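Computed from a predicted structure; not experimentally measured. Residue numbers start from 1 in every chain, and the chains themselves are labelled A, B, ... in the order their sequence lines are given, proteins ahead of strands. Scope of the values below: all heavy atoms of this structure, side chains included, with no hydrogens, waters or symmetry mates.
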2 protein chains.
Amino acid sequence: MADVYRSKIVSDELSPGDRLPTEQELTEEFSTTRGTVREGLKVLVNEGLIEPARPRGYFVRRHELSYVRPQSEWRPQPVSPEMDRWMEDQTVLGREPTQHISVEIIPPPSKVGERLGIAKGDLVVARRRIRYIDGEPFNLNDSFYPYDLIKGSEILNPADIPRGSNQALADLGYEQVRAIDEVEARMPLPDEANRLQLGPGNPVLVHRVTGFTIDDRPVRCTVNVLIGSKHVMLFERSKSTKVEG
Amino acid sequence: MADVYRSKIVSDELSPGDRLPTEQELTEEFSTTRGTVREGLKVLVNEGLIEPARPRGYFVRRHELSYVRPQSEWRPQPVSPEMDRWMEDQTVLGREPTQHISVEIIPPPSKVGERLGIAKGDLVVARRRIRYIDGEPFNLNDSFYPYDLIKGSEILNPADIPRGSNQALADLGYEQVRAIDEVEARMPLPDEANRLQLGPGNPVLVHRVTGFTIDDRPVRCTVNVLIGSKHVMLFERSKSTKVEG
DNA sequence: GAGTGGTCTAGACCACGGG
DNA sequence: CCGTGGTCTAGACCACTCA
C-alpha cells in the first residue's frame, strides 16, 4: 500500500495538495483490513510525504520553502540574479512576521554549557523567541548568555531590542568579532515539537551560533531551530574571499 | 506509553545504547495489548529516539556526530581550540573511508536543472558517489554537469580523480570562482533512504552547491545528502571578513 | 530453537471538525 | 449530524538472528 502510493507521489501522479482515498476506500482497494492500511499511511506520514487533516482525509504535503541567510548580520549580501530565479515567490517578503519573547534564568542545556564554557552550577540567561509567519510557527530562536555577564542589563527584559541584542552585548563591553556556526538536521525534541506545533515526519534544521569576543571569550550561544519544510539556508562564497584576515 | 519512555530518554534516565523492555513486558507494565504498545514504540522510533534491533529488542539511539566543513575547498580553516574541545573523538579521523562512484547521463532532476539552467530535453552528467565510513553508508555526493560541457572528458570516467573534479573542470576551461550553497533538512526520498540504508526517524541534511565560472555560468551542481544523525556542518566567520570584494 | 519484532485480521468505540 | 481519522482489544502467524 505504502509502496504504491509512495511512487504515485514521487512520480508526480499525485501532486502536493491532492487528497488520498479514505482509509475505507484504501481498505477495499487493497482488499485488506483498516489496521493494515493505517500502518501503510503512517509510514508515508513519517516519511513526510502526506499529512492527515482530520476529518478531511490525507493530503500530499506541500513544501513552501523560504530562503534564509544566516550570516546577514555580518555579511550584507546582494541578491544575485540566479538566486532571484530560485526564490521566486518563496521569500518571506510580503508575509506577516510576529514573534513572542520570553526570558528565563536557568542552568544551561548541555551543548550550550559546553560552548559557553559554563561551570557546573552556574546559570545562563535564556532569551527565547518563537517567530511566526502569518500566525503559524516558523522557527525558534533561543539565545543564551552567561548570567553574570548581563546581570541587570536590558537583555533580561522580554521585549524586542531594536538595535539588536548583539549590539546591546557590545555596549556592555562584549563585542563579538568571531562566530562558529554549526548546522545539523534532526527530529525535533518534544519541547521543540510543541513550540513549533510539528507533527511526525517533520525534521528541523538546527543552526547553532557561538559568538566570541576579541579575547576569544564565548559570550553568546544562539540556537535556531528551523522547520525543515519551511526553510532553506542560503550562503554565497567566492574564490577571492579572504578569511581570517 | 510513548510519553513515559520519551521522558525517560530525554531526562537521561535511559542513556543511549540502553535496551528498552520487550513489547511483551511493556504490554504487562501498562496492562494493555501488544498492538497499543507497538504504536507507542513506533512513535518513538519515528521521533528518532529509539531503534529496533531485531531480535535483540529496542535500543535508545546513539548519535555519533562527525564535523564536516563544507567550504574547505576554498577556505582552509584552522581548527580552533574551542572546536577541538567539541569535536573530541567525533571526527572522521582514524576511521576508514571508502567510496563507490558511478556515472550516468540523464535528464537532470528538476532542482538541478533549474540551477544549471538546462533547457528542456538537454542532458546532464551525474557523477554519483556513496561514501562509507567503516563500511557503513555515510553520505551521498552527487555532482551534475551539463553534458555538452564535459563530453569526452575524464569526468565521465567512474573513477576517482585525484586532483579533484573541480580542477578537471577548470582544466577544460571552466574554472569556478563563485558558489551558492543551499542547506535544508528533510526526510530522505525513497531512493536516498535505500542508498544510505536509512530507517524511519532519520532525517537528512541536504547541502546543494552550485558553482559558477567568472562569467557567471553555472557549470556544476553538487548535491550532498548527509545522514542527519552523523553530521554537523561547521563554519566560522569573523567580523573582519571581506565578502564580495 | 527460542525469543525478538513484523505483519495481519476483525472487530469496537472515541474525538474532532466542517456543513 | 456525519464522516473522517485516532485509539484500542485480542487474537494469529511469520521472519529474522543470535547463541
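The pair A:R61-A:E47 does not count as a salt bridge, with every side-chain nitrogen at least 4.0 angstrom from each carboxylate oxygen. Under the 4.0 Å criterion applied to side-chain N and carboxylate O atoms, B:R127 and B:E104 are not assigned as salt-bridge partners. Using a cut-off of 4.0 Å between Lys/Arg side-chain N and Asp/Glu carboxylate O, B:E182 and B:K111 are scored as not salt-bridged. Using a cut-off of 4.0 Å between Lys/Arg side-chain N and Asp/Glu carboxylate O, A:D142 and A:R195 are scored as salt-bridged.
In this structure, A:N46 atom CG and D:dG6 atom P are separated by 12 Å, rounded to whole Å. Here D:dG3 presents its P atom at 12 Å from CD of A:E25, a figure rounded to the nearest Å. Atom CZ in B:R34 sits roughly 9 Å away from atom C1' in C:dT7 (whole-Å rounding). A:D3 places its CG atom 11 Å from the P atom of C:dT7, with the value rounded to the nearest Å. Note: CZ (B:R38) to C1' (D:dT9) measures 15 Å, nearest angstrom. Atom CD in A:E39 sits roughly 15 Å away from atom P in C:dG5 (whole-Å rounding). Atom P of nucleotide C:dT7 and atom CG of A:L41 are separated by 15 Å, given to the nearest angstrom. Taking atom CZ of residue B:F59 and atom C1' of nucleotide C:dG5, one finds them 12 Å apart after rounding to whole Å.
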Which donor-acceptor pairs under 3.5 Å do the side chains of residues 36-46 of chain A make with protein atoms, sequence neighbours left out?
| unit_1 | atom_1 | unit_2 | atom_2 | d |
| --- | --- | --- | --- | --- |
| A:T36 | OG1 | A:T32 | OG1 | 3.4 |
| A:T36 | OG1 | A:T33 | OG1 | 3.2 |
| A:R38 | NH1 | A:E23 | OE2 | 2.7 |
| A:N46 | ND2 | A:K42 | O | 3.0 |

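Each of A:G35 and A:L20 was assigned the nucleotide of DNA chain D with the nearest heavy atom; the assignment lying further toward the 5' end belongs to A:L20. Each of B:T22 and B:K42 has a nearest nucleotide on DNA chain C; the 5'-most of these lies closest to B:T22. Toward the 5′ end of DNA chain D lies the nearest nucleotide of A:E23, the other residue of the pair A:E23 and B:T32 mapping further downstream.
Between A:F235 and B:H207, the ring planes lie parallel to each other; the angle is under 30°, not in the 30° to 60° tilted range.
Listed in residue order, the members of residues 49-57 of chain B having a heavy atom less than 4.0 Å from DNA chain C are B:P52, B:R54, B:P55, B:G57.
With rounding to the nearest 0.5 Å, the separation of NZ in B:K230 from OG in B:S66 is 8.5 Å.
Across all strands shown, B:T33 has heavy atoms under 4.0 Å from base atoms, whether or not it also approaches the sugar-phosphate.
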